[in-house]
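One structure is given here, and the rest of the page talks about it.
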Amino acid sequence: GQQVMQIPQYQHVQEGEDFTTYCNSSTTLSNIQWYKQRPGGHPVFLIQLVKSGEVKKQKRLTFQFGEAKKNSSLHITATQTTDVGTYFCAGPGAGGTSYGKLTFGQGTILTVHP
Amino acid sequence: DVKVTQSSRYLVKRTGEKVFLECVQDMDHENMFWYRQDPGLGLRLIYFSYDVKMKEKGDIPEGYSVSREKKERFSLILESASTNQTSMYLCASSMPLGAQYFGPGTRLLVL
């Protein structure tokens, strides 16, 4: 079945440093979604990328979808303590009734040291 | 704002008990999901429903069943709870191919 791999599993940074997490799929994706889960919280939708090579920005966050639509990245510039949490990527399942399902990566746990 | 609510934030049950976890969403979403989340394993899909009375197994359905009698409500049932079902359970809803909106989660402890 479809697999979504995410690296690194953990990342510790000093406040102000940049951070990147990478997501790779075993199959071509129609779109990819990114979520953030704060400690003790639940996953919250950040963004969806659909087009090959698409780049979207949300303030200090930059999301990229690969040309082959099999990989994606999330880059945070100048991290802040409010960026702490787990970042997940997720891709949709195959066709048919699976079209509503998502396969989540294992997540990257970001710790920001002040 | 989309709201997804879950019946309990914390639950303690004994081995062998039947456990019901309820989830309600208020956005008229077609799709609803149940996940469990364990450290190091990410989010694993238990069951998924794409319409009333319709369900589909996820990656780890063993030991669980679901019920969706109304569009807004999706229940997860542990027929006979076991200690390896101690976990955080997250419900989510979405439109087809849309973003998933998660509830606050139920932390279940099975003794």
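Numbers restart at 1 for each chain; the letters A, B, ... are given by sequence-line order, proteins then strands.
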key: Stepwise ring-ring contact (aromatic ring centres under 6.0 Å, His included) test for A:Phe45 and B:Phe102   = CA-CA 9 Å; A:Phe45 173 77; B:Phe102 286 81; over 10 Å; no
message = For B:Arg107, I'd like to know if atom CZ has over 12 heavy atoms of other residues, nucleotides or ligands within 6.0 Å.
response =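 Atom CZ in B:Arg107 is not packed in, count stays at 12 or less.
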key: Greater than 12 external heavy atoms within 6.0 Å of A:Arg38's CZ   =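 Count not over threshold, so no.
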Consider only side-chain heavy atoms of I, L, V, M, F, W and Y, link residues closer than 4.5 Å, and tell whether [X] and [Y] are in one cluster.
X	Y	value
B:Phe48	B:Met54	yes
B:Tyr35	B:Leu21	no
B:Leu108	B:Leu76	yes
B:Met88	B:Val19	no
A:Trp34	A:Tyr22	no

Toward chain B, the part of A:Tyr35 with a non-hydrogen atom under 4.5 Å =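 A:Tyr35 touches chain B through side-chain heavy atoms alone.
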key: Atom group of A:Gln6 that falls short of 4.5 Å from chain B, counting heavy atoms   =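 Neither; nothing under 4.5 Å.
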ask   = Can you find a side-chain donor-acceptor pair between A:Gln33 and B:Gln100 that sits under 3.5 Å?
value =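 No, no side-chain donor-acceptor pair sits under 3.5 Å.
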Chain B contacts, top residue of A:Pro43, A:Ser30, A:Gly107 (heavy-atom pairs, under 4.5 Å) =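 With the most close heavy-atom pairs to chain B, the winner is A:Pro43.
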task = Pick one of side chain, backbone, both or neither for B:Lys57, based on which atoms fall under 4.5 Å of a heavy atom in chain A.
result =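 The answer is the backbone of B:Lys57.
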query = At a heavy-atom separation under 4.5 Å, does B:Leu90 approach chain A through its side chain, its backbone, both, or neither?
reply =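 For B:Leu90, the contact with chain A is made by the side chain alone.
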With rounding to the nearest 0.5 Å, note down the distance linking [atom1] in [X] to [atom2] in [Y].
X	Y	atom1	atom2	result
B:Asp59	A:Lys101	CG	NZ	6.0 Å
A:Thr86	B:Gln37	OG1	CD	7.5 Å
B:Leu45	A:Leu102	CG	CG	9.0 Å

